[in-house]
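Every chain is numbered from 1, with letters handed out A, B, ... down the list of sequences. Note: hydrogens, waters and symmetry copies are ignored here, and every other heavy atom, side chains too, is used. Everything numeric here is computed off the predicted structure, so don't read it as measured data.
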Amino acid sequence: MDPSFFEGEREERELPDLPGDTSSAVLRFAPNPSGPLHLGHARAAVLNDHYAERYGGELFLRFEDTDPSRVDPKAYELIEGDLAWLGVEPDKTVFQSDRIEVYHEYAEKLVEVEGAYVCTCPEEEFHELRNAAEECPCRPLPVDKNRERFERMFDDYGEGEAAVRVRTDVEHPDPALRDFPAMRISEAPHPRVDARVYPLMNLSVAVDDHLLGVTHVIRGKDHLANTRRQLFIYEHLGWEPPEYVHHGHLHVGGVVLSTSEIRTRIDDGQYGGWDDIELGTLRAIGRRGIRPKAVRETVLSHGLSENDAEFSWKNLYAANRKLVDDGSDRYFFVPGPATLRVEGPGFEATPPLHPDHPERGTREIEVSEDPVLVVPSGDADDLSVGDRLRLKDLYNLEVTSTDPLRANYVGNDLSILKDGVPILQWLPADSPETRVLKPDGDDSGALEPAAADLKVGDIVQFERYGFCRLDEVSPPVFCYAHA
RNA sequence: GCUCCGAUAGUGUAGUCCGGCCAAUCAUCUCGGCCUCUCGAGCCGAGGACCGGGGUUCAAAUCCCCGUCGGAGCACCA
């Protein structure tokens with residue numbers, strides 16, 4: 001039986017049902033195409049995908065690219081790639097930039113039903129009035145006048161000179177909900193469309209969610225106020241709103257998540273790209289050998305809870321370790337190699353490729369008589385003259401000198417382990433070199449020759465070191481995942 | 001300043017809607033033990049939490065109030 005079957009079952013059982021009618025659920029993931037996805041996005045993406053799958057419903061990918069100044073044309077494909085990696089397969093992809101006229105149409109409708117008006121107040125003046133719970137001079141204007149002003153937005157008014165506002169309640173206790181804007185003019189060029197009158201998110205989102213038949217909206221709780229704003233639009237237009245669920249934020253420590261900040265640092269050369277292993281982008285995480293399923297499980301383990309959560313790398317690593325342990329062959333990697341001269345007989349070590357799977361065979365490491373070996377300098381530093389140690393899968397030694405480090409062969413009896421002697425990984429001194437890229441500082445060292453057959457993307461476990469993914473073949477470079 | 005949300009072990013989470021079966025779940029984590037060969041896996045054991053104060057009640061993690069702390073919004077961004 002496939003163990004993932006049970007994991008899938010458990011996933012389903014642990015998450016609560018969505019509110020409302022879920023018999024034909026339609027969900028959506030709606031990113032702004034400004035860059036690739038990171039851990040923070042993964043929560044909404046996976047949650048929506050999970051429920052769409054669970055209810056046999058549909059999932060839309062909707063690019064919310066209605067702010068021309070915040071669109072990176074490359075981001076569309078980056079995001080689609082990230083979703084594919086995550087195993088999120090949208091049934092349909094929608095570009096809001098293709099639908100500008102649709103939003104114009106509904107903005108006009110809002111004006112017609114007096115659910116919105118065109119406001120020409122300077123921004124600051126409007127804000128002052130709003131904060132004072134007073135209506136602006138444009139608000140009481142008749143529909144005729146608004147219709148005319150609406151037309152003028154397309155050919156007369158310039159950027160910042162007019163905006164469509166949704167009529168809510170100027171005395172609403174929450175100032176954030178008082179007559180919010182729904183459409184504006186922007187002269188910035190858009191990579192996909194030729195326009196200058198753009199909807200603001202609350203208009204385009206409400207219109208699309210309704211038109212596309214979205215039944216459940218799962219999004220971050222930073223949209224709590226937007227949900228309430230969108231509800232006003234539903235009411236003005238006489239639409240039935242979807243069910244909303246807001247999840248808390250994921251605080252991801254130790255990495256930079258901000259797309260704009262990453263972008264400038266890439267331009268500075270501080271990061272090698274969107275997949276720089278120091279980053280919290282999905283591409284960076286995948287590059288390190290974290291499986292998408294580990295991300296999914298970890299993200300799903302946070303549930304739908306509205307409280308913010310501290311993202312735990314340890315939990316991610318633990319989930320990934322379970323996923324990759326069985327399939328990862330073992331090899332020796334000696335970081336910071338310290339030379340160890342041995343007096344002893346020649347030998348051929350044959351450690352198993354995987355201790356739990358002897359059937360996979362062994363690696364072979366030839367050791368000459370009186371060999372020159374390397375061991376991790378961190379371990380070498382702990383050694384004193386007279387100490388005994390075990391070179392894993394090779395033989396036992398007794399230290400005769402620490403500077404330089406020398407040791408004599410003292411047999412091959414495994415019972416030495418009963419005495420608690422240290423077990424070290426080791427390699428012939430002439431082994432190939434490799435580098436392991438780690439977020440907190442790279443390691444260089446000796447690589448077991450048998451690892452030469454690995455392909456890019458293979459995940460291995462370097463014994464006593466950790467799980468790593470082969471990133472480049474020659475010269476070999478690995479990325480560190482976790483212990 | 002105004003408004004909204006949240007608060008269970010180091011971390012995440014279940015339970016909270018419909019109070020009792022919760023001296024509180026599961027995972028991770030930490031510590032110890034086992035294991036003739038990893039600081040991995042596995043097995044065994046241990047540790048660790050209902051933010052504080054009032055109230056309602058026979059009974060409160062669960063309901064109410066106040067407070068504290070944390071987060072978010074008050075953009076012609078999403």
Side-chain angles (χ1 to χ4, degrees), chain A residues 10 13-16 30-34 64-67 69-70 96 119-123 126-127 130-131 133 153 157 159-165 172-178 180-186 197-202 204-205 219-229 246 248-251 253 297-303 305-319 321-322 324-326 328 330 332 349 351-352 354-356 379 390-396 412-418 421-425 461-467 482-483:
Chain A
R10 200 186 57 205
R13 221 175 303 142
E14 281 180 356
L15 286 176
N32 167 269
S34 59
E64 307 213 324
D65 54 351
T66 53
D67 179 357
S69 66
R70 282 196 12 166
Q96 290 195 319
C119 174
T120 58
C121 298
E123 248 182 282
F126 179 84
H127 292 165
R130 180 198 53 204
N131 293 339
M153 282 187 75
Y157 294 128
E159 187 170 291
E161 286 180 0
V164 173
R165 286 186 191 287
H172 191 105
D174 185 348
L177 301 186
R178 294 173 192 160
F180 62 89
M183 211 166 78
R184 62 151 177 179
I185 297 166
S186 173
V197 181
Y198 291 93
L200 270 336
M201 78 156 313
N202 287 301
S204 50
V205 166
R219 53 179 11 173
K221 73 173 187 184
D222 47 319
H223 287 295
L224 235 26
N226 289 322
T227 294
R228 300 199 172 101
R229 289 194 266 242
H246 302 92
H249 284 316
L250 237 36
H251 296 146
E297 283 178 7
T298 305
V299 155
L300 249 20
S301 79
H302 292 81
S305 166
E306 226 173 277
N307 51 10
D308 293 348
E310 197 59 46
F311 179 83
S312 165
W313 288 97
K314 279 188 177 178
N315 287 171
L316 207 219
Y317 296 158
R321 194 177 296 123
K322 287 200 175 78
V324 300
D325 181 58
D326 200 64
S328 301
R330 270 56 172 169
F332 284 151
H354 193 117
D356 304 330
D379 292 310
R390 167 80 186 170
L391 292 183
K392 190 168 185 298
D393 301 300
L394 185 63
Y395 47 49
N396 307 330
N412 200 356
D413 185 355
L414 281 173
S415 64
I416 191 177
L417 299 177
K418 289 280 186 202
V421 304
I423 301 172
L424 270 54
Q425 76 272 41
Q461 190 207 45
F462 288 140
E463 302 205 41
R464 304 212 321 131
Y465 183 79
F467 291 90
H482 49 75

- prompt: A:Pro355 near the nucleic acid: base, sugar-phosphate alone, or nothing, with a heavy-atom cut-off under 4.0 Å?
  reply: base

task: Mind checking A:Asp413 for me? I need base, sugar-phosphate or nothing, with any heavy atom below 4.0 Å counting as a touch.
output: nothing

query: At under 4.0 Å between heavy atoms, what does A:Ala162 touch on the DNA or RNA strands: base, sugar-phosphate, or nothing?
result: base

field: Sugar-phosphate, base or nothing in reach of A:Glu123, heavy atoms under 4.0 Å
entry: base

- request: For B:G48 versus B:G12, give the span between their C1' atoms, rounded off to a whole number of Å.
  value: 15 Å

message: Counting the atoms with a prime plus P, OP1 and OP2 as sugar-phosphate, which does A:Asn307 contact under 4.0 Å by heavy atoms, base, sugar-phosphate, or nothing?
response: sugar-phosphate

Just the atom pairs and distances: protein N or O near nucleotides 28-31 of chain B's N or O, under 3.5 Å.
from  : atom 1 : to       : atom 2 : distance (Å)
B:U28 : OP1    : A:Lys322 : NZ     : 2.9
B:U28 : O2'    : A:Asn315 : ND2    : 2.4

task: Take atom P in B:C64 and the same atom in B:C2, then report the distance between them in whole Å.
output: 24 Å

task: Provide the distance between the two C1' atoms, one in B:C5 and one in B:A41, to the nearest whole Å.
output: 42 Å

message: What's A:Asp356 touching, base or sugar-phosphate or nothing? Going by heavy atoms closer than 4.0 Å.
response: base

- prompt: Checking all strands, does A:Gln461 fall into the base, sugar-phosphate, or nothing category for heavy-atom contacts under 4.0 angstrom?
  reply: base

query: A:Ser69 near the nucleic acid: base, sugar-phosphate alone, or nothing, with a heavy-atom cut-off under 4.0 Å?
result: nothing

message: Distance check, C1' atoms only: B:U36 and B:C22, in whole angstrom units.
response: 46 Å

- request: Quote, to the nearest angstrom, the P distance that separates B:C21 from B:U25.
  value: 12 Å

Interatomic distance at P, B:C65 relative to B:A46, whole Å: 42 Å

message: Does A:Asn202 reach a base, just sugar-phosphate, or nothing at all? Heavy atoms under 4.0 Å.
response: nothing

- prompt: Base, sugar-phosphate, or nothing: which does A:Phe467 touch, judged by heavy atoms less than 4.0 Å apart?
  reply: sugar-phosphate

field: Gap in Å between the two P atoms, one belonging to B:G70 and one to B:A24, rounded
entry: 30 Å

B:A60 to B:G20 separation - P atoms, rounded to the nearest Å: 11 Å

